[in-house]
**Student:** 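Next up is a structure, given as C-alpha cells.
When a ligand or atom number is given, it counts from 1 through the structure's own listing order. Keep in mind that what you see is a predicted model, and the values were worked out from it rather than measured.
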Amino acid sequence: MGLSERQRVVLGRLAEVAVPADDFPSAADVGAVGFVDQVVTVDRPDWLVRVERALDVAGDEPDLDAVLADPDGAWLVRLIAQGFYAGDGHTHEGQPEAWAMVGWQADKAGDWQTVQTELTITPRSELVDRYDCIVVGSGAGGGAAAQVLAESGRSVLVVETGRYPTTESLSRDHLRNPRSTAGLPALTDPDPFGRPRVAVIDDVPRQVLPSDGGWSNNAFTVGGGTRVYGAQAWRFVPRDFAMASTYGVPSGSALSDWPITYDDLAPYYTLAEQRFGVSGGGVDPWHEPRTLPMPPMPRTGPADRLAAAADRLGWGTLDVPLLINSVDYQGRSGCVRCGQCVGFACPVEAKSGTHNTALPAALATGLCTLVTETTAERLVTDASGRVTGVGLVADDGYGGLWRRNVDCGEVVIAAGATETPRLLLNSAHDREPDGLGNNQDQVGRHLQAHVYAGAVGLFDDELADLIGPGVSIATCDFRHGNDGIVGGGMLANEFVPTPAATYDYLTGAGLIPRAGAAGKQAMRREARRMLRVVGPIQEVTSAESRVRVDRGVVDRFGNPVVTISGSIHPEDVRAQTFMSEKAREWLAEAGAVRTAVGGPGTTRQASGGQHQAGTCRMGDDPARSVTDPFGRVWGHDNVRIADASVHVTNGGVNPVLTVLAGSLRTSQHLVSTR
Ligand SMILES: Cc1cc2nc3c(=O)[nH]c(=O)nc-3n(C[C@H](O)[C@H](O)[C@H](O)COP(=O)(O)OP(=O)(O)OC[C@H]3O[C@@H](n4cnc5c(N)ncnc54)[C@H](O)[C@@H]3O)c2cc1C
Ligand code: SF4
C-alpha cells in the first residue's frame, strides 16, 4: 500500500520547499512524489510508517526549519534531496536537470560501446552428482581459486548465490547501488526482503535488510565485490603481518600476528597483479618496490594539485594502484574514464573482476561449472564428521524450493567474511555441535573491516574534473610509524562522486545547508569545488566483534541468519582522528578554503561492510584460530577458506589484492599437495 492522496499533496508541498524551484526545477517538478511513492511501495515498504510520520510533522503548510528539526522530517527531506540529485525525473539535453545544474555528466570522456563478458551459466538441472571441488562464492577469493583448481585438471563446481546482472543495469542508478547510502536495494543485494540479519547497535538488536548499513553488505553477484568495486589494489606491508609484535596487544583487543609473513605472500601478490592486471606507479615506502604490468593512468587535475601540496608538506605520494587497465591488457580494453566507477559495473570491462578474468579462464578449461542463484546452505558430513559434499538450495521457479546435496572431494569456501562463518555455523553435526570447525568457539570472531578517516575541502575554483575513476593519488607515509598510534592508514583522493553522493558529503560535513533555496544554490556552487581525501585505517581487532547465527530468525530458505555484534576499539578512533587531521592538512595545503572532518559515529557497532574480514582467522594454534596457515579448517583437511575471512588483521589499505593473493596461495597449495 502506498501513500494516500492527501499524503501525496503534503509530500509535493514538502518537496517544493526542500528543493525549491529557481532557474532549475524543484524536486516536486522532477517527480519527488512519484519517487517517494516508488520507495514506499517497491523499494522499502517498511519505510511507509516513517514517511507517514514525517508527513504528519510537515503538515499542510510545511515549515522547512520545523521539519528539519524532527529526525523523521530531516530523514525524509534528505531522501527527497537524494532523489533529486540522483536524477530520478526530467532531463535536460539527455541528462537529469539536477546533473545539468551541478555540471555533472557520467560520460564526460565521450562515447563507448557497452560490453559484457559472456559466461556460461549451467542450469541446476544439469548438475552432476560429484565434482572434485566445490567452490562456494564466485567473488575475489572464489573466482581466483576456481581458475587454479580447474586449470589443475580438477572438475570444479562454482556455486554463486547471486545473479549475473547486465552491465547496463549496474551502470545507471545513483541510489540503488552498493556505494549509495540511501538505503534502497541494489541489484547486487541478495534478495532484498528474504535474507534479514540481526545487527546489535548500541547494545540493541534489530532486524535489518541488505540495504541497511547494519547488514554489512558487500555485493552478491557473479564476481562478488569485484563486479562493482573501486579496484584499488594495495599490498599489505611486512608490518601488517606482525601487528602484535610491532605494537603489542592493546587492552581489550585480540591483535595478533599472521602465521605467515609478507615474504610468504609476496610471490602471490605478484601473480595476482599480473593475472588480474594492475596499473599504477610510484613506491610505497613500507614494502619493496613492485613492478606492475601496466603504467598508471594519467593523473587528474585534482591529483596534480594534491601532488604539489604533498611536496610542500614533505610527504611522499604515488599513483593509486588499480585493478583497472590503463591500456589494453589481456583482451580487455583500457579505461575510458567514465564518471561512474565505484559502485557500478564497468561499461567496457576495463575494471578487472573475477567475472572477466578468472571465471572465464576457469570455464575455458571445460572442467568448471558455474551455477548461479543457488546457495550453499550447509556442508554435508559423513558419520566420521568428514565433509563429503555441499547442500544446495534455491527457488525452484514455481514458488517452491529446490534442494540437493552434491558430493565432492574438496570444498573451498569463499562466501565473504559474514556468510563464510554462517555456512560453518549452520553445518553443525554430532562431532561439532556448535558448527563445523567451531569446537574452540573461534568461528565468527574477530570481525573487522575499515573505519574510514578523511576530510572534505572546498576550493575557490571548480577543480573537480569528473575524469574517472577519480581516485588517482595517495600518500602511504602514515601506514605505520606514527607516534602514539597503533598502525595508521593510507590516504587518497576520492572516486568521482555522483551528485547524490556530493550532496551527502557536503551536508554531512556541515559545509552546505541540507535543504531550501540556500541548500540548492550551495550545491550548485560547491559541487565542482569539492575534493575529498579519505582512506581506511588499520583496525585493532577484538574477539567480541563477531558473527553468530540467530536460531530464532531464519531466511526464506529456513536457515538461521547472521547476527553481527561488537564495537570498534578506542585505538581505532585515535587512529581515525589522527589520519583525518592529516587529510585536512593535505587539502588545506592544496588550497582548500574550508575543510571539515567526519566523526566516528557510534563506536558500539562492529565494523563490517565492503571491507569485511577476519571471521575465520588463520593461525598456528587450533585453539585460537579457525584455519591453518594454508586456509585449511582445523580438523578438516579437505575444507579450505579462500576469502577475506582468514585475514588476521586487515591492513591500513583496501583489502582485495590480499584476498586474491591469499586465495591463489591457498588453492595452489591444495593443488600441489593433494
Ligand atoms: C562498492 C564497493 C567498492 C569496493 N572497493 C574496493 C577497492 O577499491 N579496493 C578493495 O581492495 N576492495 C574494495 N571493495 C571490497 C572488495 O570487493 C572485497 O574486499 C572482496 O570482494 C572480498 O572478497 P571475498 O572473496 O572475501 O568476498 P566477495 O567478493 O564478497 O565474494 C563472496 C561471494 O560469495 C557469494 N555467496 C555468499 N554466500 C554464499 C552461499 N552461501 N552460497 C553461494 N554463494 C555465496 C556472494 O554472492 C559473493 O559473490 C569494494 C567493495 C564494494 C562493494
Ligand atoms: S572509470 Fe572505472 S568504470 Fe569507468 S571506464 Fe574506467 S574502469 Fe571502467
**Student:** Indicate whether any N or O donor in one side chain lies under 3.5 Å from an N or O acceptor in the other, for T563 and R546.
**Tutor:** no
**Student:** For atom 27 (O) of ligand 1, find the nearest protein heavy atom and state the residue, atom name and distance (0.1 Å precision).
**Tutor:** G416 CA, 3.7 Å
**Student:** Please work out whether any backbone atom (N, CA, C, O) or any side-chain heavy atom from C-beta onward of P655 is under 4.0 Å from ligand 1, and answer side chain, backbone, both or neither.
**Tutor:** both
**Student:** Can R479 be said to sit on top of W286's aromatic six-ring, NZ or CZ under 6.0 Å from centre and within 45° of the ring axis?
**Tutor:** no
**Student:** Kindly determine whether T167 and V115 satisfy side chain to side chain contact (heavy atoms under 4.5 Å, CB included), including the steps that lead there.
**Tutor:** CA-CA 7 Å; T167 299; V115 296; over 6 Å; no
**Student:** Does the gap between the ring centers of W104 and H174 come in under 6.0 Å?
**Tutor:** yes
**Student:** What protein heavy atom sits nearest atom 5 (N) of ligand 1, and how far away is it?
**Tutor:** G230 N, 3.0 Å
**Student:** Decide, yes or no, whether a salt bridge links R422 with D555 under the criterion of side-chain N to carboxylate O below 4.0 Å.
**Tutor:** yes
**Student:** Using a 3.5 Å cut-off on N or O atoms only, is V656 in polar contact with ligand 1?
**Tutor:** yes
**Student:** Please work out which of the three classes, parallel, tilted or perpendicular, describes the rings of W258 and H647, given edges at 30° and 60°.
**Tutor:** tilted
**Student:** Pick one of side chain, backbone, both or neither for how A417 approaches ligand 1, counting any non-hydrogen atom pair under 4.0 Å.
**Tutor:** neither
**Student:** Return the closest protein heavy atom for atom 46 (C) of ligand 1 as residue, atom name and distance.
**Tutor:** E160 OE2, 3.4 Å
**Student:** Under the side chain to side chain donor-acceptor pair (under 3.5 Å) test, which residues partner R195, sequence neighbours left out?
**Tutor:** T161, E419
**Student:** Is NZ or CZ of R532 both nearer than 6.0 Å to the six-membered ring centre of Y505 and within 45° of the ring axis?
**Tutor:** yes
**Student:** Any idea which part of T221 is under 4.0 Å from ligand 1, heavy-atom wise: side chain, backbone, both or neither?
**Tutor:** backbone
**Student:** Would you check if there is a donor-acceptor pair between the side chains of E160 and T372 at a distance under 3.5 Å?
**Tutor:** no
**Student:** Is there at least one pair of N or O atoms, one from A644 and one from ligand 1, spaced under 3.5 Å apart?
**Tutor:** yes
**Student:** Are any of the N/O atoms in D643 less than 3.5 Å from those in ligand 1?
**Tutor:** no
**Student:** Considering only heavy atoms of V228, which atoms of ligand 1 have at least one such atom less than 4.0 Å away?
**Tutor:** 1 (C)
**Student:** Ignoring angles and geometry beyond distance, decide whether V136 reaches within less than 3.5 Å of ligand 1 through its nitrogen or oxygen atoms.
**Tutor:** no
**Student:** Please check if the side chain of H450 supplies one atom and the backbone of N650 the other of a donor-acceptor pair under 3.5 Å.
**Tutor:** yes
**Student:** Note the single closest protein heavy atom to atom 31 (O) of ligand 1, along with its residue, its atom name and the distance in Å.
**Tutor:** G139 CA, 3.4 Å
**Student:** Nearest protein heavy atom to atom 22 (C) of ligand 1, by residue and atom, and its distance?
**Tutor:** N218 ND2, 4.0 Å
**Student:** Under 4.0 Å from any heavy atom of G137, which atoms of ligand 1 are there?
**Tutor:** 33 (C), 34 (O), 35 (C), 44 (N)
**Student:** Looking at A219, which atoms of ligand 1 are within less than 4.0 Å of one of its heavy atoms?
**Tutor:** 48 (C), 49 (O)
**Student:** Return the residue, atom name and 0.1 Å-rounded distance of the protein heavy atom closest to atom 13 (C) of ligand 1.
**Tutor:** H611 NE2, 3.7 Å
**Student:** Could an N or O of ligand 1 be found under 3.5 Å from any N or O of E419, whether backbone or side chain?
**Tutor:** no
**Student:** Does one side chain, of S169 or T166, offer a donor that lies under 3.5 Å from an acceptor on the other?
**Tutor:** yes
**Student:** For V336, counting its heavy atoms only, list the atoms of ligand 2 lying under 4.0 Å from any of them.
**Tutor:** 5 (S)
**Student:** Show the atoms of ligand 1 that are less than 4.0 angstrom away from any heavy atom in A140.
**Tutor:** 21 (O), 23 (O), 25 (O), 29 (O)
**Student:** Just checking, any donor-acceptor pair under 3.5 angstrom between side chains of S607 and Q448?
**Tutor:** no
**Student:** Distance only, no hydrogens: is a donor on one side chain within 3.5 Å (strictly under) of an acceptor on the other, for T270 and R235?
**Tutor:** yes
**Student:** Does a side chain donor of either D504 or T181 reach within less than 3.5 Å of an acceptor in the other side chain?
**Tutor:** yes
**Student:** Between V659 and ligand 1, which residue portion shows a heavy-atom distance shorter than 4.0 Å: side chain, backbone, both, or neither?
**Tutor:** side chain
**Student:** At less than 4.0 angstrom from any non-hydrogen atom of V342, what atoms of ligand 1 do you find?
**Tutor:** 3 (C)
**Student:** Does a salt bridge link E494 with R179, judged by any charged N lying under 4.0 Å from a carboxylate O?
**Tutor:** yes
**Student:** If you measure only the distance, is there a donor-acceptor pair under 3.5 Å linking the side chains of D240 and Q538?
**Tutor:** yes
**Student:** Can you sort out which atoms of ligand 1 are near N654, meaning under 4.0 Å from one of its heavy atoms?
**Tutor:** 7 (C), 8 (O), 9 (N), 10 (C), 11 (O)
**Student:** Could you tell me whether G141 and ligand 1 have an N or O pair separated by under 3.5 Å?
**Tutor:** yes
**Student:** Run the side chain to side chain donor-acceptor pair (under 3.5 Å) test against N493 and tell me which residues pass, sequence neighbours left out.
**Tutor:** none
**Student:** Sort by chain and number the protein N/O/S atoms that are closer than 2.8 Å to atom 2 (Fe) of ligand 2, and list them.
**Tutor:** C341 SG
**Student:** May I ask you to identify, for E377, whether its side chain, its backbone, both or neither come under 4.0 Å of ligand 1 on a heavy-atom basis?
**Tutor:** neither
**Student:** Just go through Y229, F220, F495, F557 and tell me whose heavy atom is the nearest to atom 14 (N) of ligand 1.
**Tutor:** Y229
**Student:** Looking at atom 39 (C) of ligand 1, what's its closest protein heavy atom, distance included?
**Tutor:** A415 CB, 3.8 Å
**Student:** For S352 and Y329, does a side-chain donor sit closer than 3.5 Å to a side-chain acceptor?
**Tutor:** no
**Student:** Looking only at the aromatic ring of each residue, does the gap between the centers of W215 and F220 stay below 6.0 angstrom?
**Tutor:** yes
**Student:** Within the structure, does T161 bring an N/O atom to less than 3.5 angstrom of an N/O atom in ligand 1?
**Tutor:** yes
**Student:** Going by the atom numbers of ligand 1, which of them fall below 4.0 Å from some non-hydrogen atom of A231?
**Tutor:** 7 (C), 8 (O)
**Student:** Is a donor on one side and an acceptor on the other found under 3.5 Å between the side chain of R227 and the backbone of P165?
**Tutor:** yes
**Student:** If you look only at pairs with a residue in residues 180-193, which of them pass as a salt bridge (Lys or Arg N to Asp or Glu O under 4.0 Å), with sequence neighbours excluded?
**Tutor:** D191-R556
**Student:** Just checking, R665 and F630: is the charged tip under 6.0 Å from the six-membered ring centre and within 45° of the axis?
**Tutor:** yes
**Student:** Considering both backbone and side-chain atoms of P178, is one of its nitrogen or oxygen atoms within less than 3.5 Å of a nitrogen or oxygen in ligand 1?
**Tutor:** no
**Student:** Would you say ligand 1 has an N or O under 3.5 Å from any N or O of T374?
**Tutor:** no
**Student:** Under 3.5 Å between some N or O of ligand 1 and some N or O of Q232?
**Tutor:** yes
**Student:** Which protein non-hydrogen atom lies closest to atom 41 (N) of ligand 1, naming both residue and atom, and how far is it?
**Tutor:** A376 O, 3.0 Å
